[in-house]
Amino acid sequence: MSSLANILSQIVSDAFEAQGLPRELGAVRVSDRPDLCQFQCNGAMAAAKVAKKNPREVAAGVVDWLEVEYARAERVDHSKPAPTSCNSIFAKVEIAGPGFINLDVKKSFISNFLAENSQKENGGIESVGDGQEVVLDYGGPNIAKAMHVGHLRSSIIGDCLRRIYLTAGYRAVGDVHMGDWGTPMGMILSELDLMGHDGPVSMELLAEIYPKASGDCKADEARMALAREATRKLQDGDEAYTQRWREFIDVSIAGMKANFDALGVHFDEWKGESDAHPFIQGMVEALKQAGWAVESDGALVVPVERNDDTKEVPPLILLKSDGAVLYGTTDLATILDRVQTHHPVKIVYCVDQRQGLHFEQVFRAAEKLKGAGLVEELPELVFAGFGTMNGTDGKPFKTRAGGVMRLEDLISMGLEKARARLDEANLAAEIGPEEREDIAHKVAIAAIKFADLQNQRQSDYVFDLDRMTSFEGKTGPYLLYQAVRIQSLLKKAEDQAVNFDAAAFDVRDEDLSLALLLTELSDHFDCALKNHTPHVLCDYAYRLAQEFSSFYGRCHILSEEDVTLRASRLALCAQTHRTLVLLLGLLGIGIPARM
RNA sequence: GGUCCCGUAGCUCAACUGGAUAGAGCAACUGACUUCUAAUCAGUAGGUUGCAGGUUCAAGUCCUGCCGGGAUCGCCA
């Protein structure tokens with residue numbers, strides 16, 4: 001009910017229902033042929049099949065109903081003669097082509113819609129969450145490893161989804177879910193033993209020894225045995241190991257926080273795989289008791305295949321043949337932890353798409369948690385996987401040196417370019433050093449985040465440094481620039497004591513395209529929420545900014561002499577600004593005061 | 001080999017889940033700063049949606065078969 005198309009959908013659905021046709025067919029959407037009409041309903045064609053009638057005949061019935069009903073309502077309400085074809089809402093209702101129902105609404109109706117919406121919180125986005133909890137799992141950095149560009153997608157998309165859920169009225173909980181528990185921990189602990197290292201552990205030291213330990217273990221079975229032994233001791237609660245492990249966790253977290261802060265990515269919980277550990281033993285026992293976990297080739301597994309599977313789904317391994325725990329086990333136990341502490345209605349996993357099968361196994365095994373009496377209700381488990389980050393050669397991204405690019409290096413490069421761009425700008429002289437750094441940072445982050453988020457979540461994407469640090473065209477800084485222009489304009493209005501009512505819209509022909517676009521907000525928000533797709537918001541935000549920029553160049557605003565029109569246009573600017581602020585906020589992008 | 005995903009303008013990507021004339025950005029070209037910020041705007045050019053069939057009023061979107069690329073297929077995460 002919160003976008004204009006939604007309101008029209010209700011009305012046209014009534015019309016379909018009155019004809020004895022399914023309501024859903026009355027869905028109205030923004031027209032993809034703006035030259036023909038503003039909104040369209042395509043349901044008559046589908047309805048024709050059901051009713052075994054000519055589609056144009058069905059459409060005619062709907063159109064007649066709309067005219068009669070709305071005419072009658074208007075007569076009662078306003079005691080004036082019924083219009084022949086239109087009413088207070090529609091400027092045009094017509095049938096086109098095979099049975100499209102094309103609709104135009106009156107400008108006064110748009111003005112009223114905007115006036116109402118301008119008073120609502122969040123631009124009229126409905127709060128459907130009702131305070132229910134949703135846990136989001138994203139970020140997933142590993143202990144002892146510097147964060148690289150590969151962590152970008154999970155962090156940024158996950159944080160954006162968290163913001164979307166919050167705005168939809170859910171209590172969203174972001175959990176970083178660090179990789180702090182598996183064999184890598186044993187590799188590091190055993191490496192420190194081999195070195196005879198006893199002093200404090202720094203991030204530099206960790207970053208140096210982890211790749212070595214990992215390489216050695218891969219090459220040498222005996223070395224790997226040491227790592228396994230260390231892992232087992234740690235997981236059994238060895239005091240000295242636990243203390244040392246705690247130490248390098250703390251060091252690593254400090255490094256992660258620096259990166260996440262720079263990106264503006266927020267977490268409510270800093271938990272890791274290790275936090276699932278207390279749940280594992282009981283869980284394994286219960287699953288064994290219930291008969292869901294069985295022995296297979298020396299390992300303890302939960303079979304999860306189904307009769308209707310078209311593919312082979314291997315069982316989830318709870319315990320390896322040597323008794324150690326695997327990431328499937330911790331992922332399963334983590335669900336227990338989350339259910340007990342949050343009672344979420346959903347858990348959303350923002351992880352690499354390549355882990356799809358793994359989570360399929362985990363999700364299926366999770367159903368057994370209920371069967372084993374470990375949980376009363378199982379939340380909806382959502383796999384919001386993202387595609388691989390490739391280089392321009394189409395292969396997984398590597399720097400020219402063959403390594404991975406560190407996240408902080410990417411941010412510095414963005415910052416560098418933003419500073420340089422600021423130097424060229426006209427307002428360079430009047431800005432102090434602190435504000436200047438703040439602007440450069442906001443511009444750089446906007447560029448990086450928008451470049452990432454505008455890609456479809458599911459598909460692979462090409463990492464292009466130039467594109468990520470570009471400030472022109474379809475970029476984050478373009479959006480900031482348009483928002484800043486509006487801010488500047490509104491401030492000027494205030495300085496000149498030009499007052500206007502933010503709800504007094506009087507939409508004219510030249511304002512129509514911007515006004516109509518503003519009525520679409522919740523259509524796009526709903527889509528992004530339902531499908532967990534931030535790029536939908538990026539696309540809408542960009543189109544809105546673009547439409548504003550065109551409007552700005554085409555129309556007089558502050559310089560408009562018609563006082564009513566000037567006020568309306570200022571209100572339009574204010575509403576555009578509120579909408580951009582909301583959208584950029586959802587994307588996790590901050591706006592400077594000027595740039 | 002089994003299963004799944006992808007193939008759209010020179011490049012990077014959209015296309016509201018089957019709708020009308022497939023849209024943006026970059027790169028190229030032409031214009032617009034004495035006027036509310038030119039990180040901008042207005043315009044030009046660029047397409048057999050990998051190929052071939054099929055389903056229907058309508059296919060980039062659905063079904064089949066090819067071609068090309070990628071992911072994944074029990075003791076790593």
Side-chain angles (χ1 to χ4, degrees), chain A residues 5 29-33 35-36 40 42 45-46 48-49 54-55 96-100 102 140 142 179 181-184 214 218 273 296-301 309-317 319-322 324 326-328 330-331 352-358 361 387-388 390 392 394-396 418 421-422 424-427 443 451 454-456 458-462 464 466-467 470-475 477-478 480-482 484-490 492-493 496 520 523-524 526-527 531 535-536 538-539 542-543 546 549-550 552-560 573 594-595:
Chain A
R29 55 187 232 194
V30 172
S31 165
D32 55 2
R33 287 289 303 275
D35 53 319
L36 299 180
Q40 60 179 309
N42 301 335
M45 269 100 68
K49 274 193 183 143
N54 179 316
F100 295 105
N102 288 351
N142 293 317
W181 201 236
T183 320
S214 172
K218 224 175 214 172
E273 293 170 342
S296 166
D297 293 340
L300 187 71
V301 307
D309 283 338
T310 56
K311 62 188 173 191
E312 215 177 302
V313 183
L316 185 80
I317 300 179
L319 300 176
K320 298 198 284 183
S321 38
D322 67 357
L326 246 48
Y327 75 133
T330 55
D331 280 337
D352 194 307
Q353 190 108 100
R354 286 173 294 188
Q355 297 196 35
L357 180 60
H358 166 70
Q361 293 171 272
T388 315
N390 290 328
T392 36
K395 292 181 186 144
R421 181 64 189 80
L422 268 173
E424 299 163 15
N426 293 329
L427 22 71
V443 166
Q454 70 168 304
N455 293 289
Q456 212 166 175
Q458 302 91 327
S459 48
D460 295 351
Y461 92 130
V462 174
D464 183 347
D466 289 336
R467 202 165 141 250
S470 165
F471 307 148
E472 274 138 45
K474 191 175 180 179
T475 64
Y478 175 90
L480 298 186
Y481 184 68
Q482 303 312 335
V484 162
R485 277 170 132 183
I486 303 177
Q487 281 162 193
S488 168
L489 189 64
L490 293 176
K492 191 158 276 184
Q496 294 177 12
E520 294 181 24
D523 288 333
H524 302 290
D526 291 349
C527 179
N531 301 317
H535 88 275
V536 170
C538 290
D539 201 60
Y542 177 68
R543 285 200 293 132
Q546 211 177 22
S549 193
S550 173
Y552 182 89
R554 178 178 68 229
C555 297
H556 290 280
I557 303 168
L558 207 44
S559 52
E560 172 59 47
C573 288
R594 48 185 176 165
M595 64 186 275

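Not measured: the values here are computed from a predicted model. Numbered from 1 within each chain, the chains take letters A, B, ... in sequence-line order.
- Nucleotides B/rG47 and B/rG10 place their P atoms 7 Å apart, quoted to the nearest Å.
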Between A/R29 and A/N42, is a side chain to side chain contact (heavy atoms under 4.5 Å, CB included) present by the stated rule, with each step listed? CA-CA 9 Å; A/R29 55 187 232 194; A/N42 301 335; 4.1 Å; yes
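- Closest to the side chain of A/Y327, out of B/rA77, B/rC41, B/rC75, is B/rA77.
- Base pairing annotation: B/rU30 forms a Watson-Crick or G-U wobble pair with B/rA42, both donor-acceptor distances under 3.5 Å.
- When the nucleotides B/rU3, B/rA14, B/rA39 are ranked by their closest atom to the side chain of A/T310, B/rU3 comes out on top.
- Candidate nucleotides B/rG19, B/rU40, B/rA39 were compared by shortest atom distance to the side chain of A/F100, and B/rG19 ranks first.
- Taking atom P in both B/rU72 and B/rG18, the straight-line distance is 29 Å, to the nearest Å.
- At B/rU37, none of the side-chain N or O atoms of A/Q482 fall inside 4.0 Å of OP1 or OP2 (strictly under the cut-off).
- A donor and an acceptor atom never sit less than 3.5 Å apart when one is taken from the side chain of A/Y481 and the other from the base of B/rA39.
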In the 5'-to-3' direction, what one-character label does each nucleotide of nucleotides 60-74 of chain B receive under the scheme B = base within less than 4.0 Å of a protein heavy atom, S = sugar-phosphate only, - = no such atom? -----------SSSB
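- With a cut-off of 3.5 Å on both pairing distances, the Watson-Crick or G-U wobble partner of B/rC62 is B/rG54.
- For the C1' atoms, the distance from B/rC41 to B/rA24 is 16 Å, rounded to whole Å.
- Nearest nucleotide to the side chain of A/Q456, out of B/rU40, B/rA77, B/rA15: B/rA15.
- Nearest to the side chain of A/K49, among B/rA58, B/rG19, B/rA77, sits B/rA58.
- The A/D539 side chain lies nearest to B/rA14 when the options are B/rU17, B/rA14, B/rC41.
- Across A/C573 and A/L489, no two heavy atoms sit closer than the pair SG-CD2, 3.8 Å.
- The side chain of A/N42 sits closest to B/rG19 out of B/rG19, B/rC76, B/rA15.
- By the 4.0 Å N-to-carboxylate-O rule, A/D539 lies close enough to A/K474 to be salt-bridged with it.
- Using atom P as the reference point in both B/rG70 and B/rG54, the two lie 32 Å apart (nearest Å).
- When the P atom is compared between B/rC5 and B/rG65, the two are found 14 Å apart, to the nearest whole Å.
- Here A/K492 contributes atom NZ and A/L558 contributes atom CG; the two are 8.0 Å apart, rounded to the nearest 0.5 Å.
- Across the C1' atoms, B/rG23 and B/rA14 are found 7 Å apart, a figure rounded to whole Å.
- Residue A/S550 places at least one side-chain N or O closer than 4.0 Å to OP1 or OP2 of B/rA42.
- Nearest nucleotide to the A/V462 side chain, out of B/rC36, B/rC13, B/rU3: B/rC13.
- Nucleotides B/rU8 and B/rC13 are separated by 10 Å at their P atoms, to the nearest Å.
- For B/rU21 and B/rC73, the P atoms lie 45 Å apart once the distance is rounded to whole Å.
- Checking side-chain atoms of A/D464 against main-chain N and O of A/D466 turns up a donor-acceptor pair under 3.5 Å.
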For the pair A/Q454 and A/Y542, evaluate side chain to side chain contact (heavy atoms under 4.5 Å, CB included) and give the outcome as yes or no after the intermediate values. CA-CA 10 Å; A/Q454 70 168 304; A/Y542 177 68; over 6 Å; no
